[in-house]
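One structure is given below, encoded as structure tokens.
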2 protein chains.
Amino acid sequence: MTAPKVRSPRKPKGQGAERREEILDAALKLFSAKGLHTVSTRQIAEAVGISQPALYAYFATKDDITAELCIRAFSILVERMEAARADFTPTAECFEKALRVYVDFGLENPDAYRVAFMVEKGLDGTYKERVGDRPMMAGIGAFQRFAEIVGEVRDAGLTHDDDVQRITQTLWAGLHGLVSLLIARADFPWVEREVLIACHISLLRRGALKGVA
Amino acid sequence: MTAPKVRSPRKPKGQGAERREEILDAALKLFSAKGLHTVSTRQIAEAVGISQPALYAYFATKDDITAELCIRAFSILVERMEAARADFTPTAECFEKALRVYVDFGLENPDAYRVAFMVEKGLDGTYKERVGDRPMMAGIGAFQRFAEIVGEVRDAGLTHDDDVQRITQTLWAGLHGLVSLLIARADFPWVEREVLIACHISLLRRGALKGVA
DNA sequence: GGTGATAAGTTATCACTGATCGATTATTGT
DNA sequence: ACAATAATCGATCAGTGATAACTTATCACC
């Protein structure tokens, strides 16, 4: 009565990669539904329809699964950032639109965002040893695209500061703060979300760009 | 050769509360050294010199230990915020100083900060069920003190926006972003820390306050 | 159509985690 | 000395991530 234990049929010989996709799909769904730490490898395996050790034929550790999910999500952010840059003109409106891209991405991919920027890595560096810098490098890739956009507004002479790295890091931190808090503290008595986002972005724009009160 | 297992002498009858302090001290040290998730209750117990189940005479769950640490840390932040408000005058300089109080607190109490604002709570609300809102309420206490300061600059007519809740949430998010990233991603190629903080704070100030470029 | 190689997946197990139970100390007021 | 009880321990549980050794299905080839 308790465990039907539906097993997914064995994959044909060359098709192990397909199972890998199934695992990533199941993991993403479970993470989205229950959060990262509360989902066990056994739950993932059951959702896929295989035994728990079978996961380890495709991923060395559990963290590798989350890392992979995160890397994929960030490739999306990179795309969006590149799209934002493609039709970018150094104006305040367009600048705000670019900031908005980051916020929207974070709120649409909360779990990837968590893995990339909010997950505890362990101060001893164990996490880094296991999965490497790959998820973070993916994040930095997006960061660089963002820096390019900031570079354009600086070259147009619109910024208060003229050190692109410095402005970019500051703006990134500012955006991350909002995104991470909205994700991690959804039950906080926030002002209406859309209003808050708009307010936050225009504050960052005022802080970074000259003129245009 | 492996385990000396030094035991702390049993506490006299009324002095259980003293042991409670020892547990909190040991836990804070271990968390600071190794991170939150990598420290087990057995490690905490050994550091104190008692058995692992003995912890449960003082704390219902492991999360209660971290929650308590966080609450204590935030009472310090509340104090600092009240101090900042005591000699507050509605000027740009003083406003920046108040923002700086938050940043300094976060960087000086990274573990408490993690527990309060960065720890995964589980989307199903399990964390909340166990330890309650207490750590977050402590954080909100500090938030309210901060809101009072923001209220003063608004009453002085210095702010762009005039909705105190809105500005405060935006500024808080802005500050949190920097603090949480510096804590969680210490290995990121940041610009020199002091410069970054100063730059970030002045950006937030420009974004929130009128005049004073 | 049998055969051997091997990809795909299994069961059993390990060390460890947070947590609970019942028993056992040691201290205290009487 | 004695009973009450605060303080604590050893044994144990279910659940975790991970590993080792084994089985089974599929494939290419003669």
Side-chain angles (χ1 to χ4, degrees), chain A residues 2-3 5-23 26-27 30-31 34-68 119-122 124 126-127 129-131, chain B residues 2-3 5-23 26-27 30-31 34-68 115 119-120 122 124 126-127 129-131:
Chain A
T2 52
K5 241 187 195 179
V6 184
R7 281 277 138 111
S8 169
R10 172 192 281 252
K11 292 293 171 187
K13 261 207 153 168
Q15 313 304 320
E18 195 175 306
R19 179 107 313 158
R20 199 183 143 91
E21 296 302 313
E22 293 178 15
I23 294 170
L30 285 170
F31 287 159
K34 306 191 190 183
L36 275 167
H37 280 301
T38 61
V39 175
S40 70
T41 53
R42 280 164 179 82
Q43 286 173 302
I44 296 172
E46 189 183 342
V48 177
I50 57 177
S51 70
Q52 180 252 357
L55 294 176
Y56 291 83
Y58 304 99
F59 300 94
T61 71
K62 184 191 184 185
D63 287 332
D64 282 321
I65 300 177
T66 62
E68 180 81 32
V119 152
E120 177 122 26
K121 294 199 300 177
D124 47 0
T126 30
Y127 182 84
E129 280 168 24
R130 288 199 297 258
V131 309
Chain B
T2 51
K5 242 188 191 176
V6 184
R7 282 277 139 107
S8 168
R10 174 191 279 253
K11 293 292 172 188
K13 263 207 151 166
Q15 313 304 320
E18 193 175 307
R19 177 109 311 161
R20 200 182 143 92
E21 296 301 315
E22 294 178 14
I23 294 171
L30 284 171
F31 287 159
K34 306 191 190 182
L36 274 167
H37 280 302
T38 61
V39 175
S40 70
T41 53
R42 280 163 180 83
Q43 286 173 302
I44 297 172
E46 189 183 342
V48 177
I50 58 177
S51 71
Q52 182 252 359
L55 294 176
Y56 291 82
Y58 304 100
F59 300 93
T61 71
K62 185 191 183 185
D63 287 331
D64 281 322
I65 300 178
T66 62
E68 180 80 35
V115 173
V119 154
E120 177 121 27
D124 47 359
T126 30
Y127 182 85
E129 280 169 23
R130 287 200 297 259
V131 309

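Protein chains get the first letters and strands the later ones, always in sequence-line order, with residue 1 at the start of each.
Of all the heavy atoms in A/T66 and A/F31, the pair that sits closest is CG2-CE1, 3.4 Å. Across B/E22 and B/S8, no two heavy atoms sit closer than the pair OE1-OG, 4.3 Å. A/L30 approaches A/V39 most closely through the heavy-atom pair O-CG2, 3.6 Å. Across all their heavy atoms, A/A27 and A/I65 have their closest contact at CB-CG2, 3.7 Å. Minimum interatomic distance between B/I23 and B/Y58 (heavy atoms only, all atoms of both residues): CD1-CD1, 3.6 Å. Closest heavy-atom contact between A/V48 and A/R19: CG1-NE, 4.2 Å.
Between A/L55 atom CG and D/dG17 atom P the separation is 10 Å, expressed in whole Å. Look at CD1 on B/I50: it is 12 Å from P on D/dA7, rounded to the nearest Å. As rounded to whole Å, 12 Å separates atom P of D/dG15 from atom CD of A/E46. Distance CD (A/E18) to C1' (C/dG9): 15 Å, rounded to an integer number of Å. Nucleotide C/dG18 holds its P atom 13 Å from the NE2 atom of A/H37, rounded to whole Å. Rounded to a whole Å, the OH atom of A/Y56 is 15 Å from the P atom of C/dT10. Distance, A/Q52 CD to D/dA14 C1': 15 Å, rounded to whole Å. Between the CZ atom of B/R7 and the P atom of C/dT25 there is a distance of 14 Å, rounded to whole Å.
By the side chain to side chain donor-acceptor pair (under 3.5 Å) test, A/R20 pairs with A/E68, sequence neighbours left out.
Closest to the side chain of A/P53, from the set C/dC21, D/dT19, D/dA7, is D/dT19.
Contact between the side-chain N/O atoms of A/R19 and the OP1/OP2 oxygens of C/dG9 is found at a separation under 4.0 Å. Between B/Y58 and D/dT8 there is a side-chain polar atom (N or O) within less than 4.0 angstrom of OP1 or OP2.
Here the side chains of B/R7 and B/S51 are in contact, with some heavy-atom distance below 4.5 Å.
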With 3.5 Å as the limit, what N/O pairs link the protein to nucleotides 22-26 of chain D?
residue, atom, partner, partner atom, Å
D/dT24, O2, A/R10, NH1, 3.3
D/dT24, O2, A/R10, NH2, 2.9
D/dT26, O2, A/K13, NZ, 3.3

Tabulate atom names and distances for all N/O pairs under 3.5 angstrom spanning the protein and nucleotides 14-17 of chain C.
residue, atom, partner, partner atom, Å
C/dT17, OP1, B/S40, OG, 3.3

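Between the CZ atom of B/F59 and the OG1 atom of B/T41 there is a distance of 12.5 Å, given to the nearest 0.5 Å.
Residue contacts for B/A57: at a heavy-atom cut-off of 4.0 Å it reaches a base atom on one of the strands shown.
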